[in-house]
Structure formats: structure tokens, C-alpha cells
Amino acid sequence: MRNKKWLPTSLAVVTAVSLLLAGCSSNNGEGAKTNNTNSSSATDEKTEEVSTDPVTFSYFAFGTNKDVLASETTIGKILQEQTGVDWKMEFVAGDPTTKAGVMIAGGAYPDVISPVGELAMLLDAEALIPLNDLIEKHGPNIKRVYGPYMDKITNEDGNIYILPFTANIGGYLTDPDAGSSIWIQRRVLKEFGYPKVKTLDQYFELIEKYQAKYPTVDGKDTIGYATFAGEPGQFYTVTNAPMHLAGYPNDGNVMVDMKTHEAKLYQGTDYEKQWLQSLYEMNLKGLLDPESFTANGDQFKAKLTSGRVLGFSGYTWQIGDAINNLKKAGNDDLRYVSLPIVFDESITDAYMDPPSFVNNRGLGISVSAKDPVRIIKYWDNLLTDENQKLVQWGEKDVTYSVNEKGRYVMSDEQLANRNDNEYKRKYGWAYFDYEWPRYGDNSVYEDGNAHRPFSQPEVANINYTDGDRALLDAYGIATFSDFFAKPVERPWYPAWSIEKEQNSPEDIFNQKAADLQQKYYPKLALAPEGQFDSVWNDYLKEFGKLDAAGFEAFMTAKVKDRVAGKW
Amino acid sequence: MLKTNSTRFSSIGDRIFDAGNYIFMIILVFVTLYPFINMFALSFNDANDSIRGDIYFWPREWTLRNYAYVFNESNVFYATFISAARTIVGTAVSVFCTAMLAYAISRPEYKLKKFIAITFIFTMYFSGGLIPNYLLIKELGMLNSFWVYIIPGIIGVFNMIVIRSFIEGLPEGIMESAKMDGAGDLTTFLRIVLPLTMPALATVSLFVAVYQWNSWFDVFLYNSSRHDLSTLQYELVKILSTSDTGSSAADQYADAQGSADIVTPTSVRATMTIVASLPIIMVYPFLQKYFVKGMIVGGVKG
Amino acid sequence: MEKQPVQLTGSTSDDSRLVAFFKALSKQKMLMLMSLPFLAWVIVFKYVPLWGWTIAFQKYRLGRDIFDQAWVGWDNFTALFQEQQFYLVLRNTLVMSSINLVLGFVTAIGLALLLNELRRIAFKRTVQTISYLPHFISWVVAANIVQTALAPEGIINVLLLQFNMIDKPILWLGVGEYFWGILGVTEVWKNVGFNTIIYLAAITTIDPTQYEAARIDGASRLQQMWHITLPGMKPVIVILLIMNLGHILESGFEPQYLLGNGMNVEYSENLDIFVLKYGIQMNNYGLATAAGMFKTVVSFIFLIVANNLAKRLGESRLY
């Protein structure tokens with residue numbers, strides 16, 4: 001019945017056209033925004049006391065998850081009891097950019113939005129309200145947590161639009177289970193008495209030696225080295241390598257000098273050449289898997305789980321399934337371990353993430369929000385120590401325990417629950433532990449316990465198998481993180497989170513440079529004998545046509561801004 | 001009635017042709033059936049085991065967990081109902097309207113025939129774009145409604161052309177004699193054209209039904225916040241996106257804590273393929289009975 | 001054709017023609033009732049959104065109305081046509097869609113003819129139903145199967161090695177030159193069954209007595225296929241051909257995207273992927289719209305030429 005409206009409209013074309021034009025002009029963000037400031041200031045004047053009348057706000061995240069009503073989860077229910085606020089939580093399914101596009105075009109927003117990759121678009125459309133005043137008036141806890149990062153969360157126009165997820169407090173605890181993106185099979189290390197492997201040459205040499213000794217496994221040829229670059233979206237696996245090998249952390253496509261803070265592209269440098277030349281030489285020896293550049297994710301994972309691959313490159317989030325599968329299968333010889341490989345002995349590895357602040361991921365309040373004050377108060381309440389423990393550890397004696405030394409621990413069963421996706425959804429961790437204003441992953445509570453259960457050594461230890469312990473013992477270290485150098489403070493880190501304006505010269509440079517790498521990397525790595533240099537020269541010539549200097553100047557300026565405290 | 005055609009006149013050449021044809025068809029059946037066998041095997045195989053690859057025709061480690069995972073979504077059954085509703089209503093409305101329009105523009109005497117045909121045909125080759133279409137639906141008040149599945153697809157231009165060419169293939173005498181008997185255009189259309197173009201209507205119904213059943217993009221765009229209007233395909237898209245634990249690869253900040261999950265996108269996708277396509281696949285065998293040769297008596301036009 | 005009063009030539013003829021036109025039209029109320037509501041529909045749903053084409057002349061920013069946009073004239077078109085990459089992807093698009101067009105038509109018509117020759121009805125229906133199954137597999141799944149089959153240790157290489165047709169495995173998806181062929185075959189495999197349906201429907205309109213007569217004249221099966229079945233399908237074939245020629249710049253998106261990789265990118269990247277990368281993903285709606293308009297112009301040219309050609313050859317035509 002409600003839809004009867006369409007009939008007369010669709011028959012009368014003229015009406016439709018005029019309607020449409022009227023529609024367009026009412027869509028601008030400006031109008032909605034003025035409304036909102038009125039309403040929010042009106043609420044401000046009313047009263048300062050926190051209302052706990054039941055209310056349901058809408059939450060939309062451009063990340064993926066299953067839609068839920070917050071009060072249906074344990075955590076959501078507890079928070080609702082404290083505040084009276086419930087959330088209708090929705091997540092994007094389908095292309096996020098398209099979703100953001102129609103959301104903006106339609107002009108009707110959910111109350112709060114976690115924009116993930118669509119932040120620039122939403123800011124450009126003025127879809128988010130400034131939070132400065134709200135925080136000032138209603139957010140003592142927000143100020144406590146985000147106070148030290150004010151310069152980083154404030155936009156160029158002086159406003160705060162989102163509260164990021166990485167505000168570490170109380171210290172900085174590194175991940176006990178950190179890894180790199182370059183792996184070796186454990187039987188290779190075992191065979192040669194657990195040697196120290198530091199440089200790329202040593203790494204490839206070891207593989208070569210092992211392969212010569214055992215050319216086949218179970219009747220199938222062993223594969224020396226493979227990299228996961230067969231899907232266009234995963235190509236960064238192979239392009240990021242020179243940066244890591246040169247001793248730099250993941251700053252996107254640049255390496256930032258520690259002293260001068262110059263941001264230099266590694267594309268077209270000797271680092272990149274050295275990396276590709278190594279692959280080229282491996283290929284000539286028949287040790288590089290040519291499928292590296294064509295295999296899809298399933299094929300690559302199947303190859304890893306077959307145990308035939310001696311060494312490979314890939315990030316944990318790409319190949320986690322295969323790693324878990326091997327762990328479950330229980331044959332430690334066939335499992336992999338990631339190593340701090342660099343170009344030469346003089347380089348200190350930088351695989352472990354330095355303390356970082358990702359300021360382009362966060363949660364914001366939209367211009368359509370009915371009651372921003374109530375929302376900011378909910379967030380403020382969420383940021384108490386107590387509630388932060390709730391969203392990470394859960395309830396004491398239910399989902400974790402405290403031992404006699406005051407340390408938080410988990411039993412095997414509790415840990416299994418904390419890892420189980422279904423349980424995480426039911427309990428609410430899947431919904432509350434990430435895309436909300438929160439303590440950063442590396443935070444430490446005042447009592448010395450880790451904020452993240454997985455950063456608590458007592459918990460991480462449970463995850464180790466006997467094989468893991470044996471390997472760690474052989475190298476005389478306690479955790480896998482001990483393989484790697486301690487991270488160094490890099491005040492700009494990570495440079496990949498520097499927002500490039502959409503369709504700006506930098507944005508286009510990024511895409512074109514990546515296109516070029518995609519085209520030339522396979523050509524270089526698989527070049528016929530003696531032709532590497534000529535292909536490399538072609539590549540340099542093509543790359544020379546792009547404005548690399550302009551891009552570097554842009555990045556350097558942004559990095560220097562960050563170092564100077566202007567994020 | 002076709003049996004009479006295949007009498008025993010067959011020459012040796014014909015027999016060789018038949019044999020070759022049968023062999024070809026058997027190969028074709030194997031090649032086109034394989035993806036479904038493969039999806040079937042994957043959907044019943046343990047997801048963690050499937051990572052090892054090499055699953056082709058039969059599951060290696062049987063499990064029902066993939067199906068449990070998909071059906072566990074409370075919404076799946078209700079969404080199937082909505083999918084069925086949009087498929088039935090959408091197909092009925094669209095085929096009837098499209099056939100009616102096709103009839104009108106197939107009448108040689110109709111003065112607006114060419115104008116209307118061109119106006120429709122051109123729309124196959126342009127689009128105003130995503131945003132203008134979205135705004136149109138919004139202004140027409142069709143956001144968050146069932147009708148957004150039906151109204152924008154009332155006429156399929158391709159289908160209209162197909163039906164028109166079948167109507168034009170009907171012997172002109174039939175329509176003439178109907179006119180002589182005093183039948184108006186509506187009567188001719190309902191009583192004569194519709195029954196005589198059953199093979200075309202069956203074909204077009206299949207096209208529309210498949211389109212309706214498989215659509216999820218309009219749900220995503222227009223009805224994503226109305227869970228009670230969600231369709232099976234859209235629910236499956238959602239399940240798929242959440243099953244991908246390592247999905248945030250694009251988002252490098254994503255939490256990389258590999259939790260021991262029991263499903264993988266590959267297994268879920270295989271299960272979805274079976275769940276979502278079996279119902280619609282059943283439509284074709286049902287429609288095949290309308291594909292009978294010689295239905296239109298003497299209906300030949302070169 | 002209906003009879004019309006003889007028209008006079010000269011200046012008065014326009015008026016009288018118009019009068020005659022409306023007079024005739026007024027007698028066609030039922031036909032108008034059966035078609036004009038849909039004309040209104042098509043204008044609302046297809047023509048009204050064309051205001052979106054103005055975006056091609058803007059540096060479009062979402063969420064602002066049409067009067068607040070920055071107008072840039074033909075800049076988006078210039079940017080598109082000056083892009084080196086554009087001509088490469090245009091070539092790939094044209095080649096791939098031509099291959100798809102030809103292969104698609106030939107195989108679907110061929111399969112329809114062969115299915116028509118099957119005498120056991122149950123077998124025929126089974127083959128029909130099974131052959132259209134791959135249409136219901138998503139491209140992600142289909143691409144995965146193709147990639148598995150074409151891997152160095154996949155079934156294709158195993159078979160070729162078995163029959164000594166090659167002496168070492170070929171990295172099929174790693175050789176750019178093979179990509180177009182692989183894509184063509186994949187498209188046929190996935191869609192031939194579905195595409196056949198319409199021809200099977202066309203065959204039902206053929207008068208069975210024609211076959212009877214041909215058999216008495218001693219025509220072989222192949223001759224019957226060639227002289228009766230194929231001509232009987234011709235009107236539908238010609239119409240579909242004209243329509244598809246209009247889609248010459250639509251070569252698909254998903255298969256190229258999924259089967260594409262660094263090694264074959266110079267052959268696999270097509271217009272739609274280019275527009276996705278440089279238009280939509282960068283929020284450059286202006287460029288994306290300009291590319292869309294370019295496609296429409298090309299479509300119209302092909303459509304009109306094909307239709308006129310059909311007209312001249314005396315075949316059935318689209319309008």
C-alpha cells in the first residue's frame with residue numbers, strides 16, 4: 001500500500017522529471033548538516049545527565065561481518081544494561097565503494113559509520129560530523145585514551161571526524177607471535193642442524209642444497225621457492241619484498257630514511273633489481289616455481305599443504321588456512337617458520353611492526369545521527385578499563401581467570417572459545433573487539449596484564465606445540481618474535497596510511513606504478529638466460545615516464561608533517 | 001508423436017552420423033556436469049581438508065558441516081521464500097507485459113510500431129549509471145520495498161525482440177481469420193498469440209526466472225537494511241563474505257590471528273552453488289515440454 | 001500490408017499525411033493501450049536516468065547537486081583518449097568480444113542442430129539440462145576449475161603429455177598469446193547450453209512436413225540440417241546477431257579479472273577492468289561515465305550498420 005505512490009508517478013513522466021530534479025537538490029550534505037548541528041546543540045542545552053531510556057542506533061561498517069542486533073550478544077547486552085543503548089549493526093556485503101557511493105547519493109546515513117577504505121569519499125561528501133566539542137563536553141575517558149594522539153586524529157581542517165582503533169595506552173607490548181613474510185620449511189633447517197639464516201643468499205642457498213639432496217618427496221618433485229603473486233589483488237606479496245629485505249617495515253611503496261625522513265620509492269632501485277635478479281637466478285636453476293605468477297589462492301595453499309615447497313613468500317593473512325592445516329596435520333617437518341631475511345649481514349630487519357598509529361581507520365558519527373551526545377557517551381563508557389577488559393577478555397572466571405600472581409590466563413577451553421568464530425559472534429567479541437573506539441592492540445593495563453589476550457605471553461604459550469618448542473629451543477629463544485629485531489620507533493609509521501586524495505596525481509601514480517610492476521616482475525624473474533638486464537632496462541625506461549620524483553616529494557612532505565606532529 | 005519421424009530409412013552415413021553425435025553428446029555431458037560434481041564433492045568435504053586440494057569427483061573426508069554452516073543462518077529459509085516470490089511474480093508480470101508489448105509492435109498496421117521498437121531497442125546499449133538509477137528508485141519511493149524487484153524489470157527488451165520475431169513467424173492467415181471473426185487485438189493476443197508462441201514464452205520465462213533468482217545486486221543497493229526482503233542469493237553473498245576470515249587482505253591492518261576455523265570461502269562457495277542453483281535448475285526440465293516440434297501448424301516463414 | 005489512400009506529392013501532402021496518420025492511429029486504441037504504458041515506463045526507468053551523462057563533463061563529487069559540480073568540458077574524454085593504456089584495452093576488448101561472438105554463435109547453433117538430431121527424447125532432454133548447468137556456476141568457481149585444469153600438473157597438460165603432443169608441461173595462463181583462446185573456450189563451455197535454448201525454441205516453429213518431404217526426396221540428415229533446420233532458424237539468428245553486434249565493446253568482466261595475472265595482463269585487461277581501476281576505484285565517476293558514453297556511441301554505430309546491412313540483404317531486422 002505504501003508503494004502505491006509509484007503508479008501515478010511512473011505514468012506521468014513530467015512529474016517524475018521534476019521530482020527527480022527536486023530530489024537531487026535536496027540531497028546535498030549541507031542541508032542535512034545544518035539540521036544536525038541544531039539538534040545536537042539543542043540537546044546540549046537540555047541537561048547533562050545521562051539518559052538510559054532504551055534506544056537503538058544504527059551502526060554500519062565497511063568491513064565484513066554478519067549483521068546483528070548488539071543486545072543479542074553477551075557483551076552488547078551488558079553494555080546495553082549500562083547505557084540503555086542498543087545497536088542495529090550492519091556490515092557491507094558487496095563492493096564497499098559502490099555502497100558508499102549510493103549511501104552518499106541517497107544522503108541517508110546510519111548513525112555511526114566505520115568507513116575503512118571509504119573514509120576519503122565520506123569526508124569529501126561531508127557525511128561525518130566533527131567530534132571535537134562532543135568529546136570536550138561528554139568524553140572524559142575518550143580524552144584520557146585519545147589525548148596523547150590528538151594531533152594524529154585531528155584532520156587538516158582542525159576537526160576530529162573518527163576515533164581510530166590504535167590508541168595504545170599504558171605501554172607498548174609487542175606481539176609474541178610476530179612473523180615475517182618469508183618462510184622456510186622446518187625440515188630444511190633440521191637437515192642442516194638449525195643454522196642461522198639471515199641473508200637472502202643464505203636462504204636460497206639452503207634451499208638449493210636441500211633440493212639437491214632431496215629432489216623428490218613422495219614421488220613428486222620438490223619445489224624450491226614459490227611466491228604468492230598469481231592473483232592481481234595479491235601482487236603486493238612479491239613487490240613488497242625489496243622493502244622488507246632492505247630492512248624497512250611495511251610503509252607501502254616507500255622506504256623512509258630514519259634520519260632525513262626522505263621517503264624514497266624502492267621501485268626502480270638497486271634493491272628491487274637485486275631481489276628480482278635473485279629470483280631470476282633461482283629460476284635458471286629450476287628452483288623458482290613458475291606458477292608463482294599464475295596460481296590462485298586455493299592452488300597456492302594446496303601446494304603449501306602438500307609439503308613439496310621448501311620456501312615461500314606470503315603474509316599470514318593470505319596463507320593462514322594452509323599454516324593451520326599443517327599445524328593440525330601434526331607433522332612438524334612439513335610445517336614452516338618465517339625468518340628475518342634481509343639482503344646482507346649489515347642490515348637490521350624490520351619485520352616487526354613499530355609502534356604505529358593508523359589514523360585513517362576509525363569510527364565516526366554521521367550527519368544523520370539522531371542523538372550524537374548519547375552516542376559519544378556510549379563510546380566514553382566503552383572506554384573504561386572495565387569495559388575494555390570485557391571486549392577483549394570477557395568476564396572474569398567465565399571466559400578467563402586470574403592466577404595467584406594476578407596474571408590473566410585462559411584454560412585450553414577458554415582459549416578455544418576465544419578462537420572460535422561462532423562463539424566469538426555469540427559472545428560479541430566478533431562485534432566489539434575491533435571496529436569501535438578502543439585501546440590499541442599493544443596496550444597494557446595498569447596491573448601489567450596485556451590488553452589483547454594473544455599478546456599475553458601466558459596465553460600465547462598455550463598455542464605452541466611440542467614441535468614449536470623444540471624449534472625455539474634449537475635456536476635458544478622463547479617466542480617466535482625473538483627471531484626478529486626489536487622494532488624501532490618511527491614517528492610517521494605507517495606511511496601506507498597517508499591518505500592520497502582520490503584521483504590525484506599521487507593516486508594515479510600509485511595505480512600506474514603497480515600496473516607496471518605487475519607487467520614486468522614475471523618478465524624479469526622468468527627472463528631467459530642472459531636477458532635479465534635488457535628487460536630491466538625496458539622496465540626502467542617505462543618507469544621513467546612516470547613522475548616518481550613528484551610522488552616522492554609528496555610522500556616526503558607528508559612524512560615530515562607527521563614527524564612534526566601534524567598528522 | 002516424434003517417433004514416427006525416426007523410421008528405419010537410415011542409411012549408413014546417417015548411422016555414422018548418429019554414432020558420432022552420441023559420442024559427442026556424452027563427452028559434452030561429462031564436461032558440463034563436471035563443475036557440479038566437483039562442487040558437490042567440495043561441499044561435502046571437510047573444509048580444512050579441502051585446502052590440500054585434489055578434490056575432483058568425490059569427497060575425501062565427508063562432513064555436513066558446510067551445509068550446517070550455511071543453513072545455520074536463520075534467514076536462509078525465509079530468504080528462499082522471498083526469492084521464490086520474486087521469481088514467480090517477476091516472471092509472470094514480465095513475461096505477460098513483454099509479450100503484450102511485443103504483440104503490439106509486431107502488428108504491421110500499428111502506426112507507432114517502429115517508434116516504440118527503436119525507443120526500446122536503444123536502451124539496451126546505454127545506462128545512465130549507478131547513481132542516477134539509485135536516485136530514481138529513491139524518488140519513486142521504491143527503496144526498501146518488494147516492488148523494486150518487479151517494476152524496474154517489467155519489460156526485457158531482448159525478450160521482447162525474441163517474442164516479436166516468433167509472432168512475426170506465425171502465419172499471417174491465423175490473425176486475419178481471427179479478425180474476420182471479429183476478434184479485437186486483446187482477444188487475438190490472449191486467445192491466439194499467447195498459446196501459439198508457447199516455445200518462445202517458455203524460453204523467455206526461463207531467462208527471466210533465472211535472472212530473478214540469481215539477482216542480488218538490487219537487494220544490495222536498494223533493500224540491504226530490510227532483512228525481511230533479503231533474497232537467498234544475497235544471504236549467500238553475505239555468508240560468503242563473512243566466511244572469508246583472511247578476507248581483509250586489502251586492509252593490511254586486519255587482525256591476522258589465524259583462528260582455527262571450520263569453513264573456508266572455497267567450501268562455502270561450493271555449498272552455496274549447490275544450495276542456490278538446484279531449485280532454479282529444476283525449472284528447465286519442467287519447461288521442456290513446451291519445446292515440441294511442429295506445435296504451430298504450418299507455421300513456417302523463411 | 002494495409003492499403004492507404006494514394007498520397008499527393010507537394011506542399012499539402014505533409015498535412016494530409018499527418019491527418020491520415022492520426023486517423024489511422026485513432027483506430028488503434030487497443031494497440032496503444034497495450035503499448036503506451038510501457039513507453040512511459042521505459043522513459044522513466046531508462047531515459048530519465050540519462051541525466052547522469054552530465055557527469056562525464058564534470059569533476060564529479062558525490063553528494064553535491066548538479067549545480068555545485070565543477071564543469072570541465074571534454075576533459076574526461078581527452079584524458080581517456082590520451083591514455084596509452086586505453087588503446088591496448090580497446091584492442092583486447094574488441095578481439096575478445098569478436099571471438100566470443102563468433103564462437104558463441106557457431107557453437108550454440110551447432111549444438112542446437114545436433115541436439116535436434118537426437119532421436120531418444122529422454123536422452124535429448126537429459127543432455128539439454130546438463131549442458132546448461134555450467135551457466136549456474138559463478139565465475140569465481142568456473143575460473144577456479146579452469147585454473148586447476150590448466151595448471152602444469154592439471155588435466156590438460158597430463159593428457160597432452162600422455163598423447164605425446166607436448167614434451168613438457170605448458171604454463172597456459174602464463175603465456176599472454178594463449179589467453180584469448182582460453183577465454184573463448186571457457187565462455188563456450190560455460191554458456192553454450194544456455195545459449196542453445198533459444199535456437200531449440202526456434203526449431204519448434206519449423207513445419208515437420210518439410211522433413212517428411214525431404215526424406216522422400218532422399219535427402220540425407222546433413223542435407224536436412226543444412227536446407228531445412230538452419231534456414232528455419234535464420235530469422236532468430238539474424239536478429240540475435242544484430243543485437244549482439246551492438247554489444248561489441250562488452251567482452252565481460254569477471255572471467256578476465258579472475259583468469260588475468262601479471263603474465264597475461266597485456267592480453268587479458270579489457271575496457272571494463274580499465275574503467276574499474278582508473279574510474280570507479282578512484283572515484284573518478286567522470287571518466288567512468290565518459291567511457292560508458294563512448295561505448296554507447298560505438299554500439300549505436302555497429303547496431304545501425306548491422307541493421308541496415310540486414311535490410312539491404314533482405315533478411316529480418318531489428319527495427
Side-chain angles (χ1 to χ4, degrees), chain A residues 2-3 5-6 9-10 16 19-20 22-24 27 58 63-67 88 90-94 98-99 101-102 105-106 116-117 165-166 177 233-234 250 298-299 301-303 305-306 315-325 328 358 361 416 419-421 424 434 441 454 496-497, chain B residues 47-54 69 72-73 75 130-132 134-136 138-143 145-148 151 216-217 219-222 224-225 227 234-235 237-266:
Chain A
R2 186 165 33 85
N3 296 305
K5 202 175 140 200
W6 66 266
T9 321
S10 58
L19 254 177
L20 197 73
C24 302
N27 276 326
S58 51
T64 55
N65 210 333
K66 204 158 131 183
D67 294 355
K88 188 170 181 270
E90 278 185 54
F91 299 85
V92 74
T98 307
K99 184 75 198 176
V102 295
V116 192
F165 312 131
T166 51
D177 228 359
Q234 311 294 329
N250 192 349
D298 284 349
Q299 289 174 308
K301 283 184 248 177
K303 208 172 267 193
T305 48
S306 75
Y315 289 94
T316 328
W317 61 80
Q318 296 169 322
I319 42 86
D321 284 347
I323 297 296
N324 284 335
N325 179 287
K328 270 191 193 161
V358 182
R361 300 284 184 272
N419 270 327
D420 180 72
N421 278 343
K424 272 156 75 179
Y434 187 54
D441 282 345
F454 307 105
W496 63 257
S497 76
Chain B
N48 186 43
D49 179 68
S50 296
I51 294 167
R52 288 168 49 211
D54 290 342
Y69 182 83
N72 214 356
E73 310 294 305
N75 222 5
L130 187 76
I131 303 287
Y134 178 82
L135 290 175
L136 177 74
K138 178 170 177 262
E139 293 308 323
L140 293 176
M142 292 185 355
L143 284 186
S145 79
F146 181 74
W147 298 109
V148 80
I151 310 291
W216 62 271
F217 199 67
V219 192
F220 164 67
L221 278 187
Y222 308 125
S224 63
S225 52
H227 288 202
Y234 187 58
E235 286 303 304
V237 167
K238 285 204 276 188
I239 295 171
L240 187 61
S241 71
T242 55
S243 74
D244 198 354
T245 40
S247 70
S248 320
D251 196 18
Q252 297 197 6
Y253 187 70
D255 185 7
Q257 285 291 343
S259 63
D261 210 329
I262 55 153
V263 292
T264 61
T266 305

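As a basis for the values below, the full set of heavy atoms in this structure was taken, side chains included, without hydrogen atoms, waters or symmetry mates. Fair warning: this is a prediction, and the values are worked out from it, not measured in the lab.
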* Does any heavy atom of chain B fall under 4.5 Å from the side chain of A:K88, the backbone, both, or neither of them? -> side chain

* Asked: Atom CG of B:N72 and atom NZ of A:K66: how far apart are they, to the nearest 0.5 Å?
  -> 6.0 Å

* To do: Could you check which of A:G117, A:S306, A:G94 has the highest count of heavy-atom pairs closer than 4.5 Å to chain B?
  => A:G94

* What closest approach, in Å, do B:V237 and A:A93 show between heavy atoms, and which atom pair accounts for it? -> CG1-CB, 4.4 Å

* Among side-chain atoms of B:S224 and A:K99, is any donor-acceptor pair under 3.5 angstrom? -> yes

* Structure fact -> Closest non-hydrogen contact found for B:H227 with A:D67 is NE2-OD2, 3.1 Å

* **Evaluation steps, side chain to side chain contact (heavy atoms under 4.5 Å, CB included), between B:L221 and A:T98** => CA-CA 8 Å; B:L221 278 187; A:T98 307; 4.0 Å; yes

* Hey, are B:T266 and A:D298 close enough side-chain-wise for a donor-acceptor pair under 3.5 Å? -> yes

* Indicate yes or no: at least one non-hydrogen side-chain atom of B:Y222 is less than 4.5 angstrom from one of A:V102. => no

* Taking every non-hydrogen atom, the tightest pair across B:I131 and A:A105 -> CG2-CB, 3.6 Å

* Asked: Does any N or O in the side chain of B:K138 come within less than 3.5 Å of the main-chain N or O of A:G106, such that one atom is a donor and the other an acceptor?
  -> yes

* Asked: Which answer fits B:S225, side chain, backbone, both or neither, if we ask what part of it has an atom under 4.5 Å from a heavy atom of chain A?
  -> both

* Asked: When rounded to the nearest 0.5 angstrom, what is the spacing between CD1 in B:I51 and NZ in A:K328?
  -> 8.0 Å

* **Part of B:F220 within contact of chain A (heavy atom distance under 4.5 Å)** => both

